[in-house]
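Okay, so here's the structure we're looking at.
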Amino acid sequence: MRSARSNPAFDHGAALRVPPPNDTRNWHKLWAWLGDDAHAMTEAGAVQVCTPQGWCIAHSGDWIVLSVSGDFHVAHTGRTLDA
């Protein structure tokens with residue numbers, strides 16, 4: 001029996017993790033990789049990425065996947081919220 005998936009099935013190609021806000025070197029790599037398919041956010045450690053489903057916000061620790069088809073996808077990691 002197959003269960004319903006909560007996440008889309010990606011045709012995986014490559015992925016980069018969104019770095020912490022103070023990791024300048026890896027932010028430069030991420031911006032170069034994303035090119036025109038991303039916009040800066042005012043929130044530190046966040047980037048807005050163009051996906052087939054529309055614009056999606058990725059935060060530090062999330063994975064941005066570049067599929068074989070050339071589309072970006074965001075895989076969110078579990079984050080805890082401070083009260």
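Here the structure is a predicted model, which is why all the values come from computation and not from measurement.
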If you take all heavy atoms of Ala38 and Trp31, which pair is closest and at what distance? CB-CZ3, 3.7 Å
Give a yes or no on whether the backbone of Ala15 and the side-chain of Trp33 come within a donor-acceptor separation of less than 3.5 Å. no
Taking the six-membered ring for Trp, are Phe72 and Trp55 closer than 6.0 Å centroid to centroid? no
Output for pair (Asp23 CG, Lys29 NZ), nearest 0.5 Å, gives 8.5 Å
Taking His59's backbone N and O only, do any of them form a donor-acceptor pair with Asp62's side chain (distance below 3.5 Å, no angle check)? yes
When rounded to the nearest 0.5 angstrom, what is the spacing between NE2 in His39 and CG in Leu34? 11.0 Å
Would a distance-only check, ignoring hydrogens and angles, find a side-chain to backbone donor-acceptor pair under 3.5 Å from Ser60 to Pro19? yes
Pairwise side-chain contact, Thr77 with Arg17, heavy-atom cut-off 4.5 Å (strictly under): yes
Search all heavy atoms of Gly45 against all heavy atoms of Val18 and return the closest pair with its distance. O-CG1, 3.9 Å
Roughly how far, to the nearest 0.5 Å, is the SG atom of Cys56 from the NE2 atom of His73? 11.0 Å
Asp71 and Leu66, any side-chain heavy atoms less than 4.5 Å apart: no
When you group the ILVMFWY residues by side-chain heavy-atom contacts below 4.5 Å and let the links chain together, are Trp63 and Leu16 in the same group? no
Side-chain heavy-atom pair Ile57, Met41 within 4.5 angstrom cut-off: yes
